[in-house]
Every structure is written in structure tokens, then in C-alpha cells.
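Chain letters run A, B, ... following the sequence lines, proteins first, then strands; residues in each count from 1.
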There are 2 protein chains.
Amino acid sequence: MERLLQSVKIGINEKIYLKDPESSDLGKRIVEQSILMIDEIGFESFTFKKLGLKIGSNESSIYRYFENKHKLLLYLASWYWGWLEYQLVFSTNSITDPFKKLEKAIEIVTKSTVEDSAFSHINEVLLNKIVINEYSKSYLTKEVDTENKEGYFVIYKRLVSRISEMVNAVNKDYAYPSSLASTILEGSLHQHFLKDHFSSLTDCHKNDDPTKYFLHLVTTLLK
Amino acid sequence: MERLLQSVKIGINEKIYLKDPESSDLGKRIVEQSILMIDEIGFESFTFKKLGLKIGSNESSIYRYFENKHKLLLYLASWYWGWLEYQLVFSTNSITDPFKKLEKAIEIVTKSTVEDSAFSHINEVLLNKIVINEYSKSYLTKEVDTENKEGYFVIYKRLVSRISEMVNAVNKDYAYPSSLASTILEGSLHQHFLKDHFSSLTDCHKNDDPTKYFLHLVTTLLK
DNA sequence: TATAATATAATAGTAATACTATTATATTTG
DNA sequence: CAAATATAATAGTATTACTATTATATTATA
């Protein structure tokens with residue numbers, strides 16, 4: 001797993017960046033440190049000026065990689081979903097029983113992220129927190145439709161569609177596979193958020209992932 | 001019905017505003033026109049300066065009602081959830097069968113909003129669109145915990161808890177009533193959004209509400 | 001009816017944001 | 001070593017998100 005991942009690069013739509021941040025040291029520092037900074041101060045307060053200061057570089061140099069901070073968020077999110085998709089495909093590939101396959105997929109997608117040493121400059125645990133707290137902001141905009149056409153959300157959509165297909169494989173008569181798949185992905189982020197900030201609105205507590213909740217839900221629905 | 005029927009006015013936490021917008025003509029215009037404007041240009045592009053221009057008033061006058069546009073969004077959202085809660089309590093009050101009660105609640109909460117002439121200066125249809133597109137932004141902030149303590153989300157939380165209690169009344173052995181209730185409310189907004197912008201990720205199409213999807217889900221889960 | 005109180009409008013000003021443009025200086029590559 | 005390219009430094013702009021002050025309406029009360 002480790003060795004395989006080391007040779008894998010998460011393929012991200014080239015239109016998201018001006019210059020591939022994986023192609024230089026500065027680019028990697030931008031990605032690495034932006035994750036730490038967005039987690040620390042939140043996406044609203046995060047600016048390229050502050051990031052430049054933090055990485056000992058200049059605002060204008062960061063602009064040569066990303067048009068604006070919104071594009072950077074799209075990049076980080078795409079990376080995260082690509083990374084999750086990889087985990088999902090890798091872990092479910094060898095499972096032949098459709099239900100067990102779906103079970104595994106739900107587990108992968110709903111559990112809290114644990115560190116992955118394969119991508120040294122990316123902290124997946126913090127990135128997962130960022131996705132929980134900020135991902136909605138990347139698509140709840142007036143530009144969604146344009147950006148969707150540009151392909152900025154392909155990886156996320158592919159992930160949902162993979163889960164949807166797994167749902168279908170378990171029960172081809174179930175009428176809402178796509179809605180269920182999107183509910184699992186989005187709902188999982190939401191339950192994680194509730195756990196941390198609105199504990200009365202969820203039954204997932206402390207170190208408890210929403211995994212059990214969704215496993216039970218899907219099992220009952222499809223069996 | 002209880003305290004709800006006592007006044008037709010939606011009771012909103014007084015800390016959300018500096019001066020009650022219901023108390024003056026200017027205040028009502030601020031609320032009325034901000035709904036039109038946020039729907040039109042989106043919350044990011046919306047500013048008090050633009051709103052002042054639109055309502056023939058001054059930026060500084062708007063600041064005497066709301067500290068900032070975030071508080072205005074909290075106000076609009078609270079109003080919407082209060083209004084929905086009213087519909088929910090009113091429509092389910094007379095239903096004695098727990099399952100039918102829950103069914104009705106899901107219907108109220110997941111269907112597209114239709115106009116309500118009772119509140120002349122508030123366009124509930126547009127407000128519903130705003131909630132779908134912008135509500136997450138009101139809590140996905142670094143200030144959630146503080147603002148939650150201040151009670152800025154009480155109405156929303158009460159709504160979730162009402163649905164959660166209805167779930168419990170149908171099946172007291174179901175282990176995740178709160179998670180299910182929050183999934184219904186948040187998930188419904190999400191499915192509406194997907195329907196409009198990512199149709200491949202949902203099975204709710206065109207004028208189709210996510211009502212059927214959630215009714216089927218809840219029925220299967222609890223029966 | 002005059003006066004006081006309050007609400008609103010107009011104006012000005014500030015620090016920060018979200019950039020763009022230009023030039024200088026490194027660093028890499030051919 | 002020269003040329004190409006990447007990065008850094010500096011400066012500048014329009015807009016945002018406010019605050020403060022003053023002027024002018026409108027309303028309430030004595």
C-alpha cells in the first residue's frame with residue numbers, strides 16, 4: 001500500500017491551477033502551509049498575503065500558482081477526494097460480495113482520517129478537517145455551473161457515482177442510489193461537524209464516527 | 001401549538017440584531033430587499049453599500065440594524081426556520097398517529113416552498129432558495145461555538161429536536177433519531193441543491209422534491 | 001406649538017482585502 | 001556563459017467592511 005501510493009500522483013484538473021504546485025518546492029510549500037493555515041484561522045480569514053508571510057515568500061509568487069484562494073480550495077478539495085477515491089478503490093477492489101464491498105466503501109468514506117505518510121507535504125488529517133469545515137463553500141457559489149462545466153468537481157462526482165454503483169449492485173431495485181450515495185458522502189461530513197459543534201443534533205459522539213449510523217441505514221434500506 | 005400561536009411574529013433572538021427590523025419601515029425594507037439581492041447576486045457579492053443603494057438608504061443606516069452581513073444572514077435563516085417550525089407544528093398538531101405525524105413533518109420540511117401571503121414583506125420562496133444556497137455558511141465559521149452559545153441557532157436546533165422526537169415516537173428502539181433528523185433537514189437542502197446544479201448526483205429531478213426519497217428512507221428504517 | 005428625542009442620511013475616513021503591474025534578482029537549463 | 005525561467009520586492013488600485021461625525025428629517029411629549 002505504502003509503496004504503491006508513493007508512485008501515485010493525485011490527478012487534478014489542470015485548469016484549477018496556473019502552475020502545478022507539485023512541480024516545485026515553492027508550490028509544495030504553498031499547499032502544505034495553506035492546509036495548516038486554513039485549519040488554524042479558517043478559510044474566510046486566510047489570505048495569500050498571510051500565507052506568503054508564513055512561507056517566507058511573496059503574495060505575488062503565490063498568485064503565479066493559483067488565481068485566487070477559491071481555486072486553491074478547489075485544489076485541496078480535489079486532492080482530498082482523489083486521495084479518498086484511491087483508498088476506496090484500493091480497499092474494495094478485491095472484495096467480490098457486493099454488500100461487503102459497499103460496507104467497506106462506507107467505512108472508508110465515513111471514518112475519521114488517519115495519517116498517511118505517503119504524501120509527505122500533505123497532512124491528510126488536517127485536510128479532512130478542512131473538507132468538513134469548508135468544502136460546501138467551494139460549490140455554494142454563483143459560479144457553480146460554470147465551474148462544474150470546467151470539470152472542477154469531477155473527482156467528487158466520480159466518488160459519488162462509484163458509491164451509487166455499489167448501492168445498485170447490492171439492490172438494483174432501490175430507487176434512489178445517487179441520492180443515497182450523495183447523502184452518505186455529504187451527510188458524513190455533516191455528522192462529523194455536528195459531533196464537534198452541535199452534539200445534541202447527532203448520535204455520533206466523541207471518537208465515534210458516523211460509520212455505524214450509515215452502515216445501519218444502508219443495511220436496512222437495501223436488505 | 002403552545003407558545004407558537006401566541007403571536008404571528010417569528011420570535012428571533014434579540015442578540016442577532018442591533019435594532020429590530022420589524023420595528024420600522026426601513027428595517028422591513030432592509031429585510032425584504034436583502035432577500036431579493038442575496039438571491040440575485042449571492043451572499044459573497046452582497047454588501048450593505050449595494051443594499052443601501054437599492055433601497056435608497058445609506059450604508060450607515062443599515063449598520064444600525066445589523067452589525068454585519070453575517071448577522072443579517074443569521075437573522076434571515078432564523079426567520080426561515082421559525083416559519084418552517086410554525087408550519088410543522090401547525091400541520092402535525094392534530095395528527096395522533098405517530099407515523100402519520102412524522103410523514104407529515106417530512107413532507108413539510110422537504111418540499112419546495114410555496115408562497116405565504118401572511119408576511120407581506122418576506123418572500124418565502126426566495127428565502128428558501130437562500131437557505132439552500134447560503135445556510136451552511138452561517139455555521140461553517142470559526143465563531144460557531146461562541147455564536148451557538150449566544151443562541152443564534154436555537155430555532156434550527158429546536159426543529160431538529162422536534163423531528164427527532166417524532167422519530168422516537170414511531171420507533172423508540174431506533175438508535176440514531178438525532179442523526180436521522182439532522183440528515184433529513186440538511187440532506188433535504190443538499191438534495192435540492194444537487195437537483196439544480198449536479199443532477200447526476202441525485203434521483204430527485206425537475207419539480208420533484210426529495211420528499212419521496214426521505215419518506216421511503218424513514219419508512220424503511222423505522223418500520 | 002415648541003422642544004426634545006430619536007431616526008435617518010450624508011460625508012469622510014481607515015485598515016484590510018484581493019488583486020495587477022513592473023522591475024530586480026536569483027536559479028536553472030541549454 | 002548566456003538565455004530562459006522562477007521568485008522576490010515594491011508599488012499601486014478598487015472594493016470591502018467597517019467607524020465616526022455631523023446634518024437633517026420625523027416623531028413624541030410638555
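In this entry the distance linking NZ of A:Lys71 with P of C:dA18 reads 15 Å, nearest Å. Taking atom CG on A:Leu26 and atom P on D:dA9, their separation rounds to 12 Å, with Å as the unit. The separation between A:Asp25 atom CG and C:dA26 atom C1' is 14 Å, rounded to whole Å. Rounded to whole Å, the distance from CZ on A:Arg29 to P on D:dA6 is 16 Å.
Taking 4.0 angstrom as the limit, A:Lys19 places a side-chain polar atom (N or O) nearer than this to OP1 or OP2 of D:dT7. Distances shorter than 4.0 Å separate none of the side-chain N or O atoms of A:Lys69 from OP1 or OP2 on C:dT17. Using a 4.0 Å cut-off, some side-chain N or O of B:Ser24 falls inside it from OP1 or OP2 of C:dT8.
Closest of all the heavy-atom pairs between A:Leu194 and B:Ser182 is CD1-OG, 3.5 Å.
In this structure, A:Tyr135 and A:Tyr156 have tilted ring planes: the angle between them lies in the 30° to 60° band. Ring orientation note: the planes of A:Phe198 and B:Tyr139 are nearly perpendicular, at an angle over 60° on the 30°/60° scale. The aromatic rings of B:Phe43 and B:Phe46 lie parallel to each other, their planes meeting at an angle below 30°, with 60° marking the opposite boundary.
Remark: the backbone N or O of A:Ser179 is paired with a side-chain donor or acceptor of B:Tyr213 at under 3.5 angstrom.
Ion pairing of B:Lys54 with B:Glu40 is present here, as a side-chain N (NZ or NE/NH1/NH2) and a carboxylate O approach within less than 4.0 Å.
Shown for residues 37-67 of chain B: residues whose heavy atoms fall under 4.0 angstrom of DNA chain D, namely B:Thr47, B:Lys50, B:Glu59, B:Ser60, B:Tyr63, B:Glu67.
As the counterpart of D:dA30, C:dT1 is assigned, both hydrogen-bonding distances of the Watson-Crick or G-U wobble pattern falling under 3.5 Å.
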